[in-house]
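Reviewing the structure listed below.
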Amino acid sequence: MKFFRKKESPIKSEDAQSDSRRSFLQKLGLGGVLVSLAGFSFQSVRSLIPNVLYEAPQKFKIGFPSSLSDGMTFLEERRIYVFKEGRSFYAISGECTHLGCTVKYTKLNQPKHVEVNGQKKEIPFEFHCPCHGSKFYSDGTNYAGPAPQPLHWFKMEVSPDDGQLIVHMEEEVDQNFRLTV
Ligand code: FES
């Protein structure tokens, strides 16, 4: 007895090919939809997270009054010059008021005597800006170069919790400010 292999109809074979093509395209479409949904979900979740710029706090402790040596201490990370004169403290910003470079503390060989706003002052040191040559007296007053205003002075206080010194960068004070401990 002979078996003959039944010949596949060409029509059926074309149907099968078209089915598989259809299924491939359906999968491709489904994949696209899933990718779009994933992107949309990510964007939705991301939109719930605020774009916050984390800045260093503007009020911070710098140690106990006795831990600072007499004269100038430069707080490099904050760009602040803190001065201790016996029991008095004050803080001057090291940020140039022109375009924000860090000014350099410059000791003078001999103190200068100047008049600032009608007041006679002895100037033992100055702040010089390396970027465009602005110069400031020891009290922060700008007197040369493009800096449009004096260096800022910040309020200081003693922490009621532990007695450490606090600098308030968020609160400017005038050049006569002294914290006495
Ligand atoms: S940034 Fe200081 S003089 Fe320009």
Side-chain angles (χ1 to χ4, degrees), residues 42-181:
F42 174 77
Q43 289 301 332
S44 307
V45 171
R46 180 66 190 87
S47 71
L48 296 175
I49 303 168
N51 283 324
V52 177
L53 186 63
Y54 291 98
E55 282 187 356
Q58 296 290 291
K59 170 183 166 183
F60 52 91
K61 292 181 180 175
I62 61 168
F64 294 98
S66 57
S67 66
L68 261 72
S69 22
D70 246 25
M72 184 274 288
T73 301
F74 182 47
L75 308 176
E76 198 171 344
E77 278 186 18
R78 303 291 187 149
R79 302 199 295 161
I80 291 177
Y81 291 97
V82 175
F83 294 89
K84 178 179 179 179
E85 291 169 355
R87 296 176 54 203
S88 296
F89 295 83
Y90 58 95
I92 302 181
S93 169
E95 188 177 332
C96 180
T97 53
H98 179 220
L99 293 176
C101 291
T102 303
V103 295
K104 300 275 173 262
Y105 172 91
T106 310
K107 187 98 179 111
L108 300 177
N109 293 333
Q110 286 206 335
K112 266 186 192 176
H113 292 90
V114 299
E115 199 169 307
V116 180
N117 299 328
Q119 264 190 296
K120 289 191 186 327
K121 293 192 174 189
E122 186 179 280
I123 308 295
F125 61 88
E126 294 183 340
F127 299 99
H128 294 173
C129 182
C131 294
H132 314 99
S134 287
K135 290 183 178 177
F136 305 82
Y137 293 138
S138 48
D139 63 1
T141 303
N142 52 311
Y143 75 91
Q149 1 166 346
L151 298 172
H152 303 297
W153 282 54
F154 299 127
K155 182 182 164 187
M156 291 184 75
E157 68 170 347
V158 173
S159 165
D161 331 328
D162 57 7
Q164 291 197 56
L165 293 168
I166 297 178
V167 177
H168 289 264
M169 284 179 77
E170 82 287 11
E171 200 171 332
E172 282 187 39
V173 289
D174 68 31
Q175 296 177 347
N176 295 320
F177 174 91
R178 296 290 181 279
L179 168 70
T180 305
V181 297

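Numbering of ligands and ligand atoms starts at 1, following listing order.
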| message | Using a 4.0 Å cutoff against the non-hydrogen atoms of Cys101, which atoms of ligand 1 qualify? | response |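 Atoms satisfying the 4.0 Å criterion: 1 (S).
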| query | Which ligand 1 atoms, with their elements, are less than 4.0 angstrom from a heavy-atom of Cys96? | reply |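 Selected atoms, number and element: 1 (S), 2 (Fe), 3 (S).
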| said: If you define the side chain from C-beta out and look only at heavy atoms, does anything of Asp162 sit under 4.5 Å from Lys61? | reply: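 Yes - at least one pair of side-chain heavy atoms lies under 4.5 Å apart.
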| Is Ile166 close to Val158 at the side-chain level, that is, under 4.5 Å between some pair of heavy atoms? |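 The answer is no, as the side chains (C-beta and beyond) never meet within the 4.5 Å cut-off.
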| message | Students should be able to answer this: which protein heavy-atom is nearest to atom 1 (S) of ligand 1, and at what distance? | response |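 Checking every protein heavy atom, the shortest distance to atom 1 (S) of ligand 1 gives Leu99 N, 3.3 Å.
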| task | Confirm or rule out an N/O/S atom of Cys131, from backbone or side chain, lying less than 2.8 Å from atom 2 (Fe) of ligand 1. | result |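 It does not; every qualifying atom lies at 2.8 Å or beyond.
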| query | Among Ala144, Ser134, Gly145, Gly100, which one has a heavy atom closest to atom 3 (S) of ligand 1? | reply |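 Of the listed residues, Ser134 has the closest heavy atom.
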| message | If the test is salt bridge (Lys or Arg N to Asp or Glu O under 4.0 Å), which one of Lys112, Lys135, Lys104 qualifies with Glu126? | response |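 The salt bridge (Lys or Arg N to Asp or Glu O under 4.0 Å) with Glu126 is passed solely by Lys112 among Lys112, Lys135, Lys104.
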| request: Please check if the distance between the ring centroids of Tyr143 and Phe136 is under 6.0 Å. | output: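 Tyr143 vs Phe136: aromatic centres not under 6.0 Å.
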| Can you tell me if Thr102 and Arg79 form a side-chain donor-acceptor pair at under 3.5 Å? |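 Checked: Thr102/Arg79 side chains pair up, N/O donor to acceptor below 3.5 Å.
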| query | At atom 4 (Fe) of ligand 1, what angle lies between atom ND1 of His98 and atom ND1 of His132, rounded to 10 degrees? | reply |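 Output for this angle: 100°, rounded to tens.
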